[in-house]
There are 2 protein chains.
Amino acid sequence: MSITDQKFDIDRESKTPLWLQIRNELYNCLYRDELRPGQLIPNEKTLVQLFDVSIGTIRKAVGVLEKEGFLIRKQGLGTFVFQHDKSSFLFEYFHFALNGSNEKQSPNVEFISFDTKKATKSEANEFGISAGSPVFQIYNKLGLNKKFYIIDKIVIPQSKFPGLTEEIFKGRGNTVYNLYQNKFNIFITNCSEKLKAISADEKISKLLNIPLNDPILKVDRVGQTYNNETIELRTSYVHTSDIDYIQSQNSTFGEAI
Amino acid sequence: MSITDQKFDIDRESKTPLWLQIRNELYNCLYRDELRPGQLIPNEKTLVQLFDVSIGTIRKAVGVLEKEGFLIRKQGLGTFVFQHDKSSFLFEYFHFALNGSNEKQSPNVEFISFDTKKATKSEANEFGISAGSPVFQIYNKLGLNKKFYIIDKIVIPQSKFPGLTEEIFKGRGNTVYNLYQNKFNIFITNCSEKLKAISADEKISKLLNIPLNDPILKVDRVGQTYNNETIELRTSYVHTSDIDYIQSQNSTFGEAI
DNA sequence: TATATTATATCATATATATGAATTTTCATT
DNA sequence: AATGAAAATTCATATATATGATATAATATA
């Protein structure tokens, strides 16, 4: 169903502000995939008619979704649905930079392996599937400046990625999140990460060509989609002798001025 | 000079939007300390008169400063200048939680040492002072649930904290950033962090009572004030066997709905 | 055809105004 | 003094409208 075809009923008696009701309706359109990544959404005038509110209320609703990262407004052009690509990946999800630098640069990625295995208990628990269900486990090597510093292990449930093969994965030609989005209709909306320092085990030391027991930064990332459904478990093993995990933070989460 | 006494000249011909000009004027009042932490700022009606614009423009300017974290609006009460305290510290700057938990809890802090030393070259460089200038170096131990997992090393230039003594530091009764703010008029506006995995050296292993060479998460934080002036260099050494460094991230930096 | 101009579409800024919601203050009543 | 109702204060939501800025499309002109 197209967004312009449906009848939204906004409750003017509700305690929830109109702008928030509209924001939620639009969010649901994203969730229901009636507004697809990269797509141009109806202009403000149309939205005014669709929801029968003033343009200021529409702008507030759309503005919030823009700040949340779901929509992107372009003056003179229109408002578009956000889509994952290399630059957004670099900006939002890749947290590493060479020693002494604060500038991120795009990592080079090299494929290592693609396997099917049974989900561990904790993986199954995270995904909300039964233990032993099949999952894909994929290893990649990431580097900067021709050297590799990071091993990425990706675990995703087979059920959510029907038909995914090693060839499709290798031939994606873009970021992994872009693959999820374009080939499997899964849009990663939020991530959380947990970091630990550990010792390199045999596997990691071989893959990264570093001494056994070297200190390694281990990053566990949970990638989720709408309604906090977990889609991907990613573990990065980072040899931080030459690169840093960086995080910048304003007093809050303010917009850049 | 009080904010209500001065004449702001807003340039209506400027390419910079009015709301941004006003946001910048208010920001400068914060910077010049004419609006102090915790203080109630003039209400919207007064600001309308002060800047001679409509209330919508004022609300936009104040709204941005609120999102940036400098102001806090409270319906029915007024708008206040943000101040550092324990809850904001927990919310924004303390990134650790016990294994398996996503809930942060307030750490307990124990004083270790307070010394004066000469700035290293890199410290001096960061602070913009000459090498060898005196700095304070303070060690603390942080823990959760009666056990200590973190050693914090704080380095701050003596010149910016005149009269600071071990007694004042120990008797602060609040967070360190609150001390900076209330006793020394220095307001930390933003931080950036760089993380590495290293091996515990002798000093750290003794302080945390862990084996030598255990993997340790090292967090280097640069704390800055207005105009990106560096105020504090803090290094945290974290034994991550029982706790995680956690980071959550929405698709962007969206406001909570 | 190539270029410059004009028109159109779309979001951005700004004003003016009305009503509602949340909090504190005031003040009458008990 | 304690309580409760009313008033005042302040920010929040919502409408209506006008003008500006930016990008694209259409058109006229050389």
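Note that the structure is a prediction, hence the values are computed from the model and not measured. Below, all heavy atoms of this structure are taken into account, side chains as well, without hydrogens, waters or symmetry copies. Lettering of chains follows the sequences in order, A, B, ..., and the numbering in each one begins at 1.
Look at NZ on A:K15: it is 16 Å from P on D:dA12, rounded to the nearest Å. Between the CG atom of A:L40 and the P atom of C:dA9 there is a distance of 14 Å, rounded to whole Å. In this structure, A:I55 atom CD1 and C:dA12 atom P are separated by 10 Å, rounded to whole Å. Atom CG in A:L47 sits roughly 11 Å away from atom P in C:dT10 (whole-Å rounding). Computed from coordinates, the B:R73 CZ to C:dT23 C1' distance equals 17 Å when rounded to whole Å. Rounding to whole angstrom units, CG of residue A:D52 and P of D:dA16 are separated by 9 Å. Straight-line distance from the CD atom of B:E13 to the P atom of C:dA14: 12 Å, rounded to whole Å. As rounded to whole Å, 15 Å separates atom P of C:dT13 from atom NZ of A:K60.
For C:dT15, one of the phosphate oxygens OP1 or OP2 lies less than 4.0 angstrom from a side-chain nitrogen or oxygen of B:R12. Contact check, A:N43 against C:dA9: no side-chain N or O comes under 4.0 Å of OP1 or OP2.
B:E44 places no side-chain N or O within donor-acceptor distance of the main-chain N or O of B:I55, the cut-off being under 3.5 Å. Side chain of B:K86 to backbone of B:S106: no donor-acceptor contact under 3.5 angstrom is found.
Between the side chain of A:Q75 and the base of D:dA21 there is at least one donor-acceptor pair of N/O atoms closer than 3.5 Å.
In terms of position along DNA chain D, the nucleotide closest to A:T57 lies nearer the 5' end than the nucleotide closest to the other residue of the pair A:L77 and A:T57. Across the interface with DNA chain C, nearest-nucleotide mapping of A:G78 and B:S54 shows A:G78 to be the residue nearer the 5′ end.
Both cation-pi conditions hold for B:K74 and B:F80: the charged atom is under 6.0 angstrom from the six-membered ring centre and inside a 45 degree cone around its axis.
Defined by atom type and a distance below 3.5 Å, a donor-acceptor pair is missing between the side-chain atoms of B:E68 and B:Y27.
Nucleic acid contact class of A:V53 (heavy atoms, under 4.0 Å, all strands): sugar-phosphate only. Within 4.0 Å (heavy atoms only), A:K45 reaches no atom of the nucleic acid at all.
Under the 6.0 Å cut-off for aromatic ring centres, B:F89 and B:Y177 do not qualify, their centroids lying 6.0 Å or more apart.
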